[in-house]
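Note sheet for the following structure.
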Amino acid sequence: MPRQLTIVSRVIALSALLLLALFAPAAGQGSEPRTAVATFAGGCFWCVEADFDKVEGVISTTSGYTGGHMANPTYEQVSHGGTGHAEAVEIAYDPAKVSYSRLLDVFWHNIDPLAKDRQFCDHGDQYRSAIFYHGDEQRALAEASKAVVQKRFKQPVATQIVPAGPFYKAEEYHQDYYLKNPVRYKFYRFNCGRDARLEELWGKKD
């Protein structure tokens, strides 16, 4: 083979290898699940976390505090009131598997939307129900879903719809509490009357 053709062949081969190296990472990224975030407050975050962990398409749930005026609050500070924060759960989900509308539906059916500044046995604005929206699309969907829920009840829906702000992860012992302390969790949930009230509001679950 002439020397000139050999050089050209090597250049073509090197170019092909470079193209493969450039496009291989992009191809790998495309196969990874997209992640979106939703933030809800529905009283005790142990219960909200447990409810959303059952939803297909939810990647992770994190208990924490949001909606207040204090940076890095502790559980003691939030639970005593005065920080403005609500116990909330930040949900990472795959929008290819579960829509935000579906998450809203799960949220409504696991709270008491008529209760103001409380949920079930927990009282205070730190236990208020709220949808903390991320962007205009979530806001529009949240408001539309609230309008549908309002048609179901004669009393006004007290659940807030507000923009998401800083979210502070709660102490580690609160994360997955229902898995770490199943007996205590079940006793708390039953004693708080959560499921009884939900059945009264929404009917029996399938």
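Computed from a predicted structure; not experimentally measured.
Within the 4.5 Å cutoff, side-chain heavy atoms of Ile161 are placed close to those of Tyr133. With a 4.5 Å cut-off on side-chain heavy atoms, Trp202 and Pro113 count as touching. Side-chain atoms of Thr74 and Gln77, non-hydrogen and from C-beta on, do get closer than 4.5 Å to each other. Looking at Tyr75 and Tyr173, their side chains come closer than 4.5 Å, going by heavy atoms from C-beta outward.
Here Tyr100 contributes atom OH and Leu141 contributes atom CG; the two are 7.5 Å apart, rounded to the nearest 0.5 Å. Tyr127 contributes atom OH, which lies 11.5 Å from atom CD of Gln119 (distance to the nearest 0.5 angstrom). For the atom pair CD of Glu172 and CD of Gln175, the computed distance is 5.5 Å after rounding to the nearest 0.5 Å. Interatomic distance, OG of Ser101 versus CD of Gln138, reported as 10.0 Å (0.5 Å rounding). Summarising the geometry, atom CD belonging to Gln150 is positioned 9.5 Å from atom CD belonging to Gln155; distances are rounded to the nearest 0.5 Å. Within the model, atoms CD of Glu200 and CG of Asp195 stand 13.0 Å from one another, a figure rounded to the nearest 0.5 Å.
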Any chance you could lay out the side chain to side chain donor-acceptor pair (under 3.5 Å) test for Asn110 and Lys205, step after step, and finish with the verdict?
-> CA-CA 10 Å; Asn110 283 284; Lys205 291 186 178 181; 2.9 Å; yes
Kindly indicate, with the supporting measurements, whether the criterion side-chain contact (heavy atoms from CB on, under 4.5 Å) is fulfilled by Thr62 and Val89.
-> CA-CA 5 Å; Thr62 303; Val89 173; 5.9 Å; no
Worked verdict on Tyr178 versus Asp53 for side chain to side chain donor-acceptor pair (under 3.5 Å) | CA-CA 11 Å; Tyr178 73 103; Asp53 274 345; 2.7 Å; yes
Let me see the working for Leu198 and Phe120 under side-chain contact (heavy atoms from CB on, under 4.5 Å), right down to the final yes or no.
-> CA-CA 9 Å; Leu198 289 176; Phe120 312 102; 3.8 Å; yes
Could you please spell out the steps behind the side chain to side chain donor-acceptor pair (under 3.5 Å) verdict for Thr83 and His69?
-> CA-CA 6 Å; Thr83 69; His69 51 76; 5.9 Å; no
Apply side-chain contact (heavy atoms from CB on, under 4.5 Å) to the pair Leu114 and Leu201, showing each step before the final yes or no.
-> CA-CA 9 Å; Leu114 309 180; Leu201 287 163; 4.1 Å; yes
Begin with the C-alpha distance, continue with both residues' side-chain angles, and end with the deciding distance and a verdict on side-chain contact (heavy atoms from CB on, under 4.5 Å) for Glu49 and Tyr177.
-> CA-CA 9 Å; Glu49 191 178 22; Tyr177 187 88; 5.5 Å; no
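In plain terms, the two heavy atoms of Ser129 and Thr159 that are nearest each other are OG-OG1, 2.8 Å. Of all heavy-atom pairs spanning Val37 and Glu90, the tightest one is CG1-CG, 3.6 Å. Annotation for Val55 and Asp51: closest pair CG2-O, 3.9 Å, computed over non-hydrogen atoms. Summarising the geometry of His134 relative to Ala164, their closest heavy-atom pair is CE1-CB, 3.4 Å, with the distance given to 0.1 Å. Minimum heavy-atom separation, Ala142 to Ile131: CB-CG2, 3.9 Å. Heavy atoms only, all atoms of each residue included: Ala38 and Leu103 are closest at CB-CD1, 4.1 Å.
A salt bridge does not link Asp122 to Arg194: none of the charged nitrogens lies less than 4.0 Å from a carboxylate oxygen. With respect to the salt-bridge test (charged N to carboxylate O, under 4.0 angstrom), the residues Asp105 and Arg102 qualify. A salt bridge does not link Arg34 with Asp94: every distance from a Lys NZ or Arg NE/NH1/NH2 to an Asp or Glu carboxylate oxygen is 4.0 Å or more.
Applying the 6.0 Å contact sphere to CZ of Arg197 captures more than 12 heavy atoms from other residues, nucleotides or ligands. Within 6.0 Å of CZ on Arg152 lie more than 12 heavy atoms contributed by other residues, nucleotides or ligands. Counting non-hydrogen atoms of neighbouring residues, nucleotides and ligands closer than 6.0 angstrom, the CD atom of Glu76 exceeds 12 such neighbours. By the 6.0 Å contact criterion, NZ on Lys146 is enclosed, its count of non-hydrogen atoms from other residues, nucleotides or ligands being greater than 12. Within a 6.0 Å radius of CG in Asn191, other residues, nucleotides and ligands contribute more than 12 heavy atoms. Counting heavy atoms of neighbouring residues, nucleotides and ligands inside a 6.0 Å radius, atom CZ of Phe187 does not exceed 12 of them. Atom NZ of Lys97 sits in a sparse spot, with 12 or fewer heavy atoms from other residues, nucleotides or ligands closer than 6.0 Å.
Side-chain heavy atoms closer than 4.5 Å link hydrophobic residues (I, L, V, M, F, W, Y) into clusters, and following such links, even through other members, never connects Val48 to Phe167. Linking ILVMFWY side-chain heavy atoms closer than 4.5 Å, directly or via other members, places Val58 and Phe132 in two distinct hydrophobic clusters.
Between the side chain of Ser145 and the backbone N or O of Leu104 there is no donor-acceptor pair closer than 3.5 Å. Counting only distance, with no hydrogens or angles, the side chain of Glu87 and the backbone of Phe45 share a donor-acceptor pair below 3.5 Å. No donor-acceptor pair closer than 3.5 Å links the side chain of Glu199 to the backbone N or O of Ala196. Side-chain N or O atoms of Gln126 include one that pairs as donor or acceptor with a backbone N or O of Ser79 at under 3.5 Å. The closest donor-acceptor contact from the side chain of Arg128 to the backbone of Asp125 lies under 3.5 Å. No donor-acceptor pair under 3.5 Å is formed between the side chain of His174 and the backbone N or O of Gly64.
Taking the six-membered ring for Trp and the full ring otherwise, Trp108 and Phe153 have centroids separated by 6.0 Å or more. Between Tyr168 and Tyr65, the gap from one ring centroid to the other reaches at least 6.0 Å. The six-membered or imidazole ring of Trp46 lies near that of Tyr188, with a centre-to-centre distance under 6.0 Å.
With 2.5 angstrom as the limit on SG-SG distance, Cys192 and Cys44 do not come in below it.
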